[in-house]
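Protein chains get the first letters and strands the later ones, always in sequence-line order, with residue 1 at the start of each.
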Amino acid sequence: MFNPPNPEVFNPMVWKIARQVPEGRVTTYGQIASMIPSPEGVDPLQYERLGSRWVGSAMRALRDETIPWQRVINSQGEISLPKGSKGAEEQRALLEMEGIIFSASGRVDLTRFGWDGPEPEWLAANGLLPPRTPGKRKSPHDASQPRLL
DNA sequence: CGTTTGACTACGC
DNA sequence: CGCGTAGCCAAAC
C-alpha cells in the first residue's frame, strides 16, 4: 500500500484531524495531508505527491467508529470508496443525513460544503500546519438549494 | 516471482 | 464533466 514510513505516528494524526471535521462539512485526503508536516526523512516534494495517498491508507486502516470518517472524500468532491460498494453507499447516506447535497454526477460542491480546517490555535497546539483550502466558499445553507429536514 | 490492487491528485484535452 | 496519464509503493495473490 501507499504507506508513510511511520504509520504508527502518521495515522493517528490523520484520525485526530478527521475528528475535527464538523457535521455538514467535508474535507479531502489532500487537505488533511496538507496540515501534517512531511514526516522526518521524507522529501517535502515527495510528500506533496504521496501525502493524500497516505491519508487514504490511514482512513482505510481506521477502526474507531467514533470518528466521522464519512466526511473525508477526494479532491473532486467524490466518495473514494469503490462505486456501488456497501461502504460507498453508507458514506453517501451518512453525508446526506447531515444535509450534504450530491450533484447528479455524485459529487459534493467543495466550495459550498468544504471545510476550512481547525482553528489556528488548535493546529498550533498540535504541531500542525494551516491547510491548503479550496478557493472561495459559498454558504452551505444557500437558499437556492434548501436542505430537506 | 510477476501482477494486481488499493478511501489520491494534478494536469491535459 | 468525463477520461486518460504519470507518479508512488508494499502487500496479497
Side-chain angles (χ1 to χ4, degrees), chain A residues 1-118 122-123 126-140 142 144-147:
Chain A
M1 289 60 175
F2 300 92
N3 289 319
N6 55 340
E8 54 300 327
V9 174
F10 190 86
N11 291 1
M13 287 174 124
V14 171
W15 302 329
K16 189 164 192 174
I17 293 170
R19 191 186 285 289
Q20 304 302 309
V21 187
E23 187 178 323
R25 290 283 184 176
V26 294
T27 185
T28 69
Y29 303 94
Q31 186 176 31
I32 287 179
S34 73
M35 294 183 232
I36 302 175
S38 57
E40 196 79 31
V42 175
D43 170 36
L45 192 59
Q46 187 186 340
Y47 177 63
E48 199 176 323
R49 287 195 302 259
L50 296 175
S52 53
R53 284 271 211 197
W54 293 349
V55 170
S57 290
M59 291 310 289
R60 183 160 47 77
L62 183 60
R63 297 286 178 271
D64 186 341
E65 309 284 332
T66 71
I67 289 178
W69 58 274
Q70 72 273 23
R71 299 177 192 148
V72 185
I73 62 181
N74 68 34
S75 66
Q76 335 255 319
E78 307 171 296
I79 282 174
S80 273
L81 270 60
K83 269 186 191 281
S85 68
K86 182 183 175 186
E89 288 179 9
E90 181 186 3
Q91 186 170 16
R92 173 163 177 158
L94 287 170
L95 290 175
E96 290 183 320
M97 267 190 282
E98 311 186 350
I100 287 175
I101 296 170
F102 285 78
S103 71
S105 55
R107 291 156 50 154
V108 173
D109 182 351
L110 294 178
T111 66
R112 191 173 168 207
F113 298 104
W115 180 46
D116 285 325
W122 188 89
L123 286 172
N126 288 282
L128 298 171
L129 308 168
R132 174 196 89 259
T133 63
K136 308 173 174 40
R137 190 132 291 164
K138 300 176 193 168
S139 165
D142 189 318
S144 67
Q145 306 218 14
R147 301 176 43 169

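- A 6.0 Å sphere centred on CD of A:Glu40 holds no more than 12 heavy atoms belonging to other residues, nucleotides or ligands.
- A distance of 6.0 Å or more separates the ring centres of A:Tyr29 and A:Trp54.
- We find the OG1-CH2 distance between A:Thr28 and A:Trp115 to be 10.5 Å, quoted to the nearest 0.5 Å.
- In terms of phosphate contacts, A:Arg107 brings a side-chain nitrogen or oxygen within less than 4.0 Å of OP1 or OP2 of C:dG2.
- For A:Ser75, the listed nucleotide lying nearest its side chain is B:dA10; candidates were B:dC8, B:dA10, C:dC1.
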Practice problem: List the protein contact pattern of nucleotides 6-13 of chain C with one symbol per nucleotide (5' to 3'): B for base contact, S for sugar-phosphate-only contact, - for none; contact means a heavy-atom distance under 4.0 Å. | Solution: -BBBBS--
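- Non-hydrogen atoms lying under 4.0 Å from DNA chain B are contributed by A:Ser80, A:Leu81, all within residues 77-92 of chain A.
- Rounding to the nearest 0.5 Å places CD of A:Gln91 at 8.5 Å from OG of A:Ser85.
- A straight line from CG of A:Leu45 to P of B:dT9 spans 17 Å, rounded to a whole angstrom.
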Exercise. Show your reasoning for whether salt bridge (Lys or Arg N to Asp or Glu O under 4.0 Å) applies to A:Glu96 and A:Arg92.
Key: CA-CA 6 Å; A:Glu96 290 183 320; A:Arg92 173 163 177 158; 3.1 Å; yes
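- At a threshold of 4.0 angstrom between heavy atoms, the contacts of A:Val55 with the nucleic acid are absent.
- Rounded to whole angstrom, the span from the CG atom of A:Asn74 across to the P atom of C:dC1 amounts to 12 Å.
- Here the closest heavy-atom approach between residue A:Gly51 and residue A:Ala33 is recorded as C-CB, 3.5 Å.
- Annotation: side-chain hydrogen bond (donor to acceptor under 3.5 Å, both in side chains) contacts of A:Asp109 (sequence neighbours excluded): A:Thr111, A:Lys138.
- A donor and an acceptor atom, one from each side chain of A:Glu98 and A:Gln70, are located under 3.5 Å apart.
- Between the P atoms of B:dT4 and C:dT5, the separation comes to 16 Å (whole Å).
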